[in-house]
J.: 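First, the structure itself, so that you have it in front of you.
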Protein chains: 2
Amino acid sequence: MRRVDLSDAECPIARGAGELGDWWSLLILRDALDGIRRFDEFAADLPISPAMLTRRLRTLVDSGLLERRRYSEHPQRFEYVLTPRGRAAQVVVVALLAWGNDQLPPQERAVVLADRDTGREVEPVLVDAVTGTPLKDIRLAAVPGPAASEAMLDRFTTLNARRARRRRDRGAA
Amino acid sequence: MRRVDLSDAECPIARGAGELGDWWSLLILRDALDGIRRFDEFAADLPISPAMLTRRLRTLVDSGLLERRRYSEHPQRFEYVLTPRGRAAQVVVVALLAWGNDQLPPQERAVVLADRDTGREVEPVLVDAVTGTPLKDIRLAAVPGPAASEAMLDRFTTLNARRARRRRDRGAA
DNA sequence: AGCAGTGACTACCATGATGATAGGCACGGC
DNA sequence: GCCGTGCCTATCATCATGGTAGTCACTGCT
């Protein structure tokens with residue numbers, strides 16, 4: 001599928017987009033998080049052709065999000081279970097859900113999240129881990145981290161220059 | 001691009017995957033959130049061909065994430081700025097970043113988030129808006145919401161039956 | 001022994017998306 | 001009148017997608 005390779009991109013968003021940035025992968029991940037494991041279970045839940053499903057499962061296994069595990073010896077049967085990395089990708093799936101639900105009044109939501117133990121509905125928000133402030137209330141900016149390369153630093157220099165120029169232009173106008 | 005149409009899917013994850021589920025859209029969105037607006041700015045920042053960029057910008061405008069705005073009359077010049085819905089999609093981009101950074105020790109991160117006003121680093125986590133509990137500490141389940149259709153209810157019935165069966169099997173083994 | 005059924009695929013193929021290159025077009029400045 | 005800039009569009013080979021049909025290794029029923 002990939003014509004452009006993002007797997008070794010420096011930016012984590014680009015890498016993430018490379019791994020999760022196609023709808024079948026996201027949908028399969030959603031199903032896996034819902035407890036679906038077997039080929040025919042995925043096939044029954046998604047409007048996907050078997051050929052496509054085989055391909056997608058393989059790429060997800062290759063990128064370490066799913067593990068192909070034999071659950072029966074005779075005949076050989078396999079199931080696909082989430083790896084820790086795959087389970088961690090729940091943030092992304094939940095973010096997608098939150099984004100979709102945010103635009104709907106509560107009565108119009110077809111899917112919501114709940115605590116499996118207490119049954120109480122859960123409403124996901126992104127906050128800063130340190131202060132607890134919702135990220136919506138912060139003017140957020142991506143900045144270079146400790147491991148940023150020269151090219152990455154240049155990119156941010158350019159971005160900042162552009163921001164400053166636009167501020168000036170608005171001020172002058 | 002779409003061979004399967006997810007735009008009117010009931011599940012918000014599927015709808016979201018339909019709109020953001022390809023890597024160029026995610027990357028363009030990232031750039032837009034970084035303040036990039038113009039065709040050639042996008043083109044300079046991404047290894048994308050002009051034809052592809054035109055197509056992607058158009059689909060993002062069509063799905064209401066970007067707005068094509070004229071900023072110069074003579075000659076006509078356009079820029080692409082985020083709509084409110086597009087800005088809201090920041091959750092997804094930030095989740096992608098958080099997922100990628102989570103797997104790296106802090107010194108190896110090339111991009112991090114910061115508060116633009118205070119300059120302090122921000123570490124994004126998903127929590128429940130009501131209790132403030134991090135979602136990682138909750139056994140989460142998707143459940144049908146008020147607007148769930150018959151088909152959606154059936155899907156969850158099947159999922160629950162499967163979960164119960166597996167619990168029994170494990171108990172019996 | 002024969003046969004339908006299940007689970008998990010693979011082969012094949014038409015069609016459509018992608019990405020590269022090249023070109024267009026409207027203007028402004030020299 | 002010509003060059004450069006900004007923003008695209010045209011064309012086209014190649015690759016990915018999605019649909020249909022078939023395979024293969026069993027199991028269990030008759």
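Every chain is numbered from 1 and lettered A, B, ... according to where its sequence line falls, protein lines coming before strand lines.
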J.: Sub-3.5 Å donor-acceptor pair from the side chain of B:R77 to the main-chain atoms of B:Y71, do we have one?
T.: no
J.: Could you state the atom-to-atom distance from CD1 of A:I48 to P of D:dA16 in whole Å?
T.: 16 Å
J.: May I have the distance from B:F42 (atom CZ) to D:dG6 (atom P), rounded to whole angstrom?
T.: 16 Å
J.: Report the nucleotide, chosen from C:dC9, D:dT17, C:dG19, that has the shortest atom-to-atom distance to any side-chain atom of B:W23.
T.: C:dG19
J.: Just by distance, do the side chain of A:R162 and the backbone of B:I36 share a donor-acceptor pair under 3.5 Å?
T.: no
J.: Are the side chains of A:P12 and B:V111 in touch, meaning some heavy atoms are under 4.5 Å apart?
T.: yes
J.: With heavy-atom distances below 4.5 Å as the criterion, would you say the side chains of A:V125 and B:L126 are in contact?
T.: no
J.: I need the CG-P distance between B:D40 and D:dC8, as an integer number of Å.
T.: 10 Å
J.: Is the shortest side-chain N/O distance from A:W24 to OP1 or OP2 of D:dT17 below 4.0 Å?
T.: no
J.: Which letter, B, S or -, goes with each nucleotide of nucleotides 24-30 of chain C from 5' to 3', with contact meaning a protein heavy atom under 4.0 Å?
T.: ---S---
J.: Grab the CG-P distance between A:L53 and C:dA11 for me, whole Å please.
T.: 16 Å
J.: Tell me whether B:T133 contacts the main-chain N or O of B:D128 through its side chain, where contact means a donor paired with an acceptor under 3.5 Å.
T.: no
J.: Quick one: which protein N/O atoms are closer than 3.5 Å to N/O atoms of nucleotides 9-11 of chain D? Pair and distance per line, please.
T.:
{"from": "D:dT9", "atom 1": "OP2", "to": "B:R58", "atom 2": "NH2", "distance (Å)": "3.3"}

J.: Please report the interatomic distance CD1(A:I28) to CH2(A:W23), rounded to the nearest 0.5 Å.
T.: 12.0 Å
J.: Give me the residues of residues 61-72 of chain B where at least one heavy atom lies under 4.0 Å from an atom of DNA chain D, by number, or none.
T.: B:R68, B:Y71
J.: Is there a donor-acceptor pair under 3.5 Å between the side chain of A:W24 and the backbone N or O of A:R55?
T.: no
J.: B:E41 has an atom CD; how far is it from atom P of D:dC7, in whole Å?
T.: 8 Å
J.: How far apart are the closest heavy atoms of A:R116 and B:L140, and which atoms are they?
T.: NH2-O, 2.8 Å
J.: Does NZ or CZ of B:R37 come closer than 6.0 Å to the centre of the six-membered ring of B:Y80, within 45° of the ring's axis?
T.: no
J.: Does any N or O in the side chain of B:R109 come within less than 3.5 Å of the main-chain N or O of B:L104, such that one atom is a donor and the other an acceptor?
T.: yes
J.: I would like to know whether B:E19 and B:S25 meet side-chain hydrogen bond (donor to acceptor under 3.5 Å, both in side chains); could you show each step before the answer?
T.: CA-CA 8 Å; B:E19 291 185 282; B:S25 300; over 6 Å; no
J.: When the distance from CD1 of B:I36 to P of D:dC7 is rounded to whole Å, what number comes out?
T.: 13 Å
J.: Among the nucleotides D:dG19, C:dT18, D:dG6, which one has an atom lying closest to any side-chain atom of B:M52?
T.: C:dT18
J.: Write down the distance between CZ (B:F78) and C1' (D:dC8), rounded to a whole number of angstrom.
T.: 11 Å
J.: Rounded to whole angstrom units, what separation is found between the CG atom of B:L46 and the P atom of D:dC7?
T.: 15 Å
